[in-house]
Amino acid sequence: MATGNIRVSSENIFPIIKKFLYSDHEIFIRELVSNAVDATRKLKTLASVGEFSGELGEPRIEVVLDAKNKTISIIDQGIGMTGEEVDKYLNQVAFSSAEEFLAKYKGQAEASIIGHFGLGFYSSFMVAHKVEVFTKSWKDAPAVRWECDGSPEYQLEETSERTERGTEIRLHVDKDSEEFLDEYRLKGILEKFCKFLPVPIFFRDANAKKEDKAEVKDKAEGEVEEAEVVEEAKPINNTHPAWVRKPSELSKDDYENFYKELYGPFSETPLFWIHLNVDYPFNLTGVLYFPKIKKSYEIQKDKIQLYSNQVFVTDEVKDIVPEFLMLLHGVIDSPDIPLNVSRSYLQGDPNVKKINAHITKKVADKLDEIFRNDRADFESKWESLGLFVKYGMMTDDKFFDKAKNFLIMQDTNSGNFLTIEEYKKAVESLQVNKDKKTVVLYTSDEVQQDAFVKAAQGKGYYVVKLNDLIDPSWMGQMEAKLSDVQFVRVDSDIADNLIDKDEKNESVLTQEQSTSLIDWFKSKLTNPSAVVEVKGLSPDTAPVVATRPEWSRRMKDMAAISGGGGMMSFYANMPDEVNFTLNGNHPIHQQILQEGNEAKKEKLTQNLIDLALLSQGMLKGSDLTAFIHRSVELMDSKQAAPAEA
Ligand SMILES: Nc1ncnc2c1ncn2[C@@H]1O[C@H](COP(=O)(O)OP(=O)(O)OP(=O)(O)O)[C@@H](O)[C@H]1O
């Protein structure tokens with residue numbers, strides 16, 4: 001038996017390992033099972049190049065829980081190690097890499113380290129007070145047993161305890177890590193980190209008894225039944241997840257089933273998916289799914305899982321994946337994403353940048369492909385896609401350039417979807433303003449803005465639906481990037497003024513009558529600074545139209561979404577700006593001008609103002625009640641009129 005000191009070190013690293021990353025102790029499983037996978041892969045490689053000619057069989061990994069003896073064992077049938085290799089890899093290499101790792105990350109906020117790859121074999125000491133290794137190399141060498149109790153001292157000796165090729169790492173679980181001796185906890189961690197590893201992994205409970213054990217015959221009375229290890233019939237992992245397979249091998253069902261494997265059997269079927277497969281200039285595989293999203297507030301941004309060679313790393317992909325792509329679900333697997341560095345470093349990492357650009361391009365190309373090849377399908381999914389596309393356009397210039405060709409808007413009249421170019425063509429000169437911009441008219445609420453939508457449609461205008469929270473901000477971006485487009489909400493002005501063409505509208509009122517009417521109306525408004533003007537609209541247009549100017553309303557809408565702060569809170573607190581247009585050609589204004597009964601004139605005026613506000617959804621509470629009373633009074637006085645005559 002050989003004994004020795006792991007390495008001359010000024011500091012004993014074991015206590016540090018134990019304390020390190022307190023909340024993340026569970027990663028020991030990932031490290032040890034990954035090592036077992038590596039050892040198995042190495043053997044397969046040796047076999048494939050003809051160096052190993054023995055029986056390969058179907059190598060498997062077993063994770064055995066023995067809660068009674070407080071051990072967890074990870075057993076593989078990989079290459080194993082000779083005594084010299086144990087000395088080299090465990091006593092020297094593994095130790096120095098663990099030491100190096102700790103030196104690098106000691107004192108760092110644990111949240112700033114993702115993956116924590118690199119701690120390797122010595123992560124065992126985060127949960128164990130003693131670790132035993134039983135290993136037999138694929139080479140013709142005796143099996144050895146290595147033991148270390150958490151001090152720098154180790155023992156290394158030949159053993160007859162292992163006769164098969166491979167390695168068993170036996171952890172004697174520490175008192176304060178006994179949570180890992182709980183079957184469900186341990187299985188949960190295995191599920192999390194090892195669900196898609198490429199070698200089948202079986203879980204065994206060393207103390208569980210076979211169900212049919214009671215039926216075992218010929219057993220002497222009182223004989224103590226040997227605990228029999230019960231192995232679960234199925235491996236806990238899927239060794240061939242969709243993303244490592246060829247797209248040509250996979251059916252629609254395969255992709256949908258894999259989605260369920262990731263997010264549970266009751267998850268809603270995704271709209272479609274993109275299979276990523278790159279090997280130059282970086283390695284990246286994965287499947288990204290477009291989920292159904294109805295409204296912005298339903299968005300869940302933490303669904304993409306990051307893997308490295310099929311080992312789960314994290315599902316917090318912020319800074320690794322562009323913000324808008326985080327709306328997608330699925331898996332990204334890349335050994336080229338540095339896993340043991342801080343998040344802020346990741347943002348500047350050239351590989352991460354390239355990977356982001358690649359994914360963004362792939363996603364845009366896929367959307368473009370569906371749009372071109374199956375427009376009906378694209379349109380039917382727009383409700384979910386739209387939000388994603390707009391978000392992408394706002395945050396990524398390259399995506400914007402591609403997406404502006406498949407961004408569609410639904411026309412309220414025909415129900416048809418139009419791209420920006422199609423909209424421009426459809427409205428031709430009719431909706432081009434004096435600055436040569438195409439005015440895209442939109443409604444954010446078809447029911448509430450019905451009168452305005454109808455009025456605009458009556459003039460032959462196309463009014464599209466843009467009713468998501470993201471739309472006001474998105475429109476701003478569109479206007480900034482496309483110089484020939486302007487968005488105007490359909491109720492932001494009277495229909496005649498929506499497209500500012502610099503045309504004069506003739507009113508039948510004289511200048512004097514108009515001025516007197518404006519002054520009179522202004523005196524009846526609660527906000528005396530509101531703009532009141534007379535326009536010569538058609539006689540069947542409403543007598544008074546209240547409008548909310550596009551710019552100030554949009555700012556308020558955006559402030560409401562952003563939750564305030566700085567300039568936005570200034571906009572959020574601004575009173576609602578309302579303008580009033582008096583239709584000079586409506587006969588009621590003549591009646592008001594000539595009305596001798598001051599009280600009736602006032603009621604009539606107030607009702608016209610209230611009606612205008614009502615159609616904008618701005619008449620509420622006691623004002624609304626007063627309006628109803630006044631309307632009834634006005635009707636009564638009309639009914640009473642013939643009787644008086
Ligand atoms: N189950 C195993 N079978 C065979 N060799 C092993 C096994 N586990 C560990 N080793 C050997 O010990 C070495 C050190 O392991 P350790 O986990 O510390 O580092 P690593 O796997 O090389 O890198 P990483 O830091 O990514 O884990 C490995 O490189 C390997 O040679």
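Whatever order the structure lists them in is the order used to number ligands and atoms, beginning at 1.
The shortest N or O to N or O distance between D76 and ligand 1 is below 3.5 Å. At least one N or O atom of N35, backbone or side chain, sits closer than 3.5 Å to an N or O atom of ligand 1.
Under the side-chain contact (heavy atoms from CB on, under 4.5 Å) criterion, V173 pairs with I72, S177, L181, not counting sequence neighbours.
Using a 30° and 60° split on the angle between ring planes, F324 and Y391 fall in the perpendicular class, above 60°. Using bins of under 30°, 30° to 60° and over 60° for the plane-to-plane angle, the ring pair W243/Y307 lands in the tilted bin.
Checking T395 against E323 by side-chain atom types alone, no donor-acceptor pair falls below 3.5 Å.
Residue L90 touches ligand 1 through its side chain alone, judged by heavy-atom distances below 4.0 Å. Here M81 has side-chain heavy atoms under 4.0 Å from ligand 1, and that is the only part of it that gets that close. Of the heavy atoms in L32, none comes closer than 4.0 Å to ligand 1.
For E26 and R185, the salt-bridge test passes: some basic side-chain N is under 4.0 Å from an acidic carboxylate O.
Near E31, meaning under 4.0 Å from any of its heavy atoms, are these atoms of ligand 1: 27 (O).
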